[in-house]
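The structure appears below as structure tokens.
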Amino acid sequence: QVQLVESGGGLEQAGGSLRLSCAASGRSFSSYNMGWLRQAPGKEREFVGGISRSGGSTWYANSVKGRFTISRDNAKNTVYLQMNSLKPEDTAVYYCAAADLYNDRWYHPPYEYDYWGQGTRVTVSS
């Protein structure tokens with residue numbers, strides 16, 4: 001099993017930056033494909049980005065491509081989401097999620113994950 005805890009959310013002005021962290025506890029962090037997803041108030045949850053086990057491959061939603069960067073440090077059991085050029089429409093609760101070894105539905109629809117963090121709130125003001 002793996003437990004995920006997000007941090008780094010907060011209030012930021014449009015055009016600013018935030019860096020989210022997701023700390024994983026448990027063994028074999030490097031065996032999990034990881035993703036970030038978000039849910040805005042009154043909206044459905046949406047995929048933001050994903051990163052493969054080694055960190056060698058990444059995927060992004062079109063809405064954040066070129067602005068957000070996913071990375072991971074397997075030695076620290078941590079995955080990051082660097083958020084630049086923030087827009088008010090980025091306001092949401094951001095969730096870190098992990099996909100088991102057998103799960104190949106995590107980086108494309110339906111963006112299915114097996115473990116979830118509690119979320120961290122990001123608010124972008126105009």
Side-chain angles (χ1 to χ4, degrees):
Q1 312 263 54
V2 62
Q3 296 91 252
L4 306 172
V5 179
E6 303 96 332
S7 62
L11 176 64
E12 186 58 84
Q13 291 183 298
S17 297
L18 286 171
R19 186 187 183 189
L20 307 184
S21 297
C22 174
S25 61
R27 296 200 294 267
S28 302
F29 172 70
S30 63
S31 71
Y32 295 98
N33 294 303
M34 301 294 296
W36 286 97
L37 302 95
R38 68 187 182 186
Q39 187 166 22
K43 303 286 289 184
E44 296 291 324
R45 186 178 63 204
E46 66 174 341
F47 174 79
V48 176
I51 187 165
S52 62
R53 296 177 181 92
S54 68
S57 298
T58 57
W59 293 261
Y60 298 95
N62 287 335
S63 59
V64 307
K65 194 172 297 182
R67 299 189 298 119
F68 291 9
T69 302
I70 297 171
S71 62
R72 67 191 295 164
D73 187 337
N74 287 342
K76 295 181 178 179
N77 283 14
T78 303
V79 62
Y80 305 95
L81 183 67
Q82 179 66 47
M83 309 165 65
N84 298 329
S85 302
L86 284 164
K87 303 176 180 180
E89 50 263 45
D90 295 319
T91 295
V93 176
Y94 284 71
Y95 297 91
C96 177
D100 275 333
L101 183 62
Y102 60 83
N103 183 353
D104 66 350
R105 297 159 55 86
W106 61 276
Y107 61 94
H108 54 81
Y111 303 112
E112 181 179 295
Y113 291 83
D114 302 287
Y115 307 97
W116 294 83
Q118 83 291 342
T120 185
R121 184 186 302 170
V122 171
T123 303
V124 183
S125 64
S126 59

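For reference, positions follow the sequence shown, starting with 1.
Tyr113 and Leu81 fall into different hydrophobic clusters, defined by Ile, Leu, Val, Met, Phe, Trp and Tyr side-chain heavy atoms under 4.5 Å apart, directly or through other members. Criterion: ILVMFWY side-chain heavy atoms under 4.5 Å apart, direct or through other members. Under it, Tyr107 and Tyr115 are not part of a common hydrophobic cluster. If you chain together hydrophobic residues whose side chains sit under 4.5 Å apart, Phe68 and Val79 fall into the same group.
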**Report entry** Residues Trp59, Ser52; criterion side-chain contact (heavy atoms from CB on, under 4.5 Å); working and verdict
**Finding:** CA-CA 9 Å; Trp59 293 261; Ser52 62; 4.3 Å; yes
Query raised in the report: Are Leu20 and Met83 close enough, and set up right, to give a side-chain contact (heavy atoms from CB on, under 4.5 Å), and what steps lead you there?
Result: CA-CA 8 Å; Leu20 307 184; Met83 309 165 65; 3.6 Å; yes
Requested in this report: Go through Asn74 and Tyr32 one step at a time and tell me if the side-chain contact (heavy atoms from CB on, under 4.5 Å) criterion holds.
Outcome: CA-CA 10 Å; Asn74 287 342; Tyr32 295 98; over 6 Å; no
**Report entry** Ser17/Gln82 under side-chain contact (heavy atoms from CB on, under 4.5 Å): CA gap, chis, key distance, verdict
**Finding:** CA-CA 8 Å; Ser17 297; Gln82 179 66 47; 4.0 Å; yes
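Heavy atoms only, all atoms of each residue included: Ala14 and Ser126 are closest at CB-CA, 4.4 Å. The shortest heavy-atom contact between Ser85 and Asp90 is O-OD2, 4.4 Å. For the pair Asn77 and Gly26, the tightest heavy-atom approach, listed with the atom from each and the gap, is ND2-O, 3.6 Å. Looking at every heavy atom in both residues, Leu86 comes nearest to Leu18 through CD1-N, 3.9 Å. When all heavy atoms of Leu37 and Ala97 are compared, the pair lying nearest together is CD1-CB, 3.9 Å.
Once rounded to the nearest 0.5 Å, the distance linking CG of Asn84 with CD of Glu12 reads 10.0 Å. In this structure, the separation between NZ on Lys87 and OG on Ser63 is 8.0 Å, given to the nearest 0.5 Å. One finds the CD1 atom of Ile51 at 9.0 Å from the OG atom of Ser57 (value rounded to the nearest 0.5 Å). Considering CE of Met34 and OG1 of Thr78, their distance stands at 9.5 Å, rounded to 0.5 Å. In this structure, NZ in Lys76 is found 9.5 Å from OG in Ser21, a value given to the nearest 0.5 Å. Lys43 contributes atom NZ, which lies 13.0 Å from atom OG1 of Thr91 (distance to the nearest 0.5 angstrom).
With Tyr60 as the aromatic partner, Arg67 does not meet the cation-pi criteria of under 6.0 angstrom to the ring centre and within 45 degrees of the ring axis.
You'll find the side chain of Arg38 reaches within 4.5 Å of the side chain of Val64, heavy atoms only.
Residue pairs meeting the disulfide bond (SG atoms under 2.5 Å apart) criterion with at least one partner in residues 41-87, sequence neighbours excluded, do not occur; the list is empty. Pairs passing the disulfide bond (SG atoms under 2.5 Å apart) check and including a residue from residues 15-103, sequence neighbours excluded, read Cys22-Cys96. Here ring pair (Phe, Tyr, Trp, His ring centres under 6.0 Å) pairs that include residues 70-104, with residues two or more places apart or in two chains, number zero.
Checking side-chain atoms of Arg53 against main-chain N and O of Ser31 turns up a donor-acceptor pair under 3.5 Å. Panel note: side chain Glu6, backbone Gly119; a donor-acceptor pair is recorded below 3.5 Å. Side-chain N or O atoms of Asn103 include none that pairs as donor or acceptor with a backbone N or O of Asp100 at under 3.5 Å.
Between the side chains of Glu46 and Gln39, no donor-acceptor pair is found at a separation under 3.5 Å. Defined by atom type and a distance below 3.5 Å, a donor-acceptor pair is present between the side-chain atoms of Ser25 and Gln3.
The ring pair (Phe, Tyr, Trp, His ring centres under 6.0 Å) with Tyr111 is formed by just one residue from the set Phe47, Trp36, Trp116; it is Phe47.
The environment of Glu112 atom CD is dense: over 12 non-hydrogen atoms of other residues, nucleotides or ligands sit within 6.0 angstrom.
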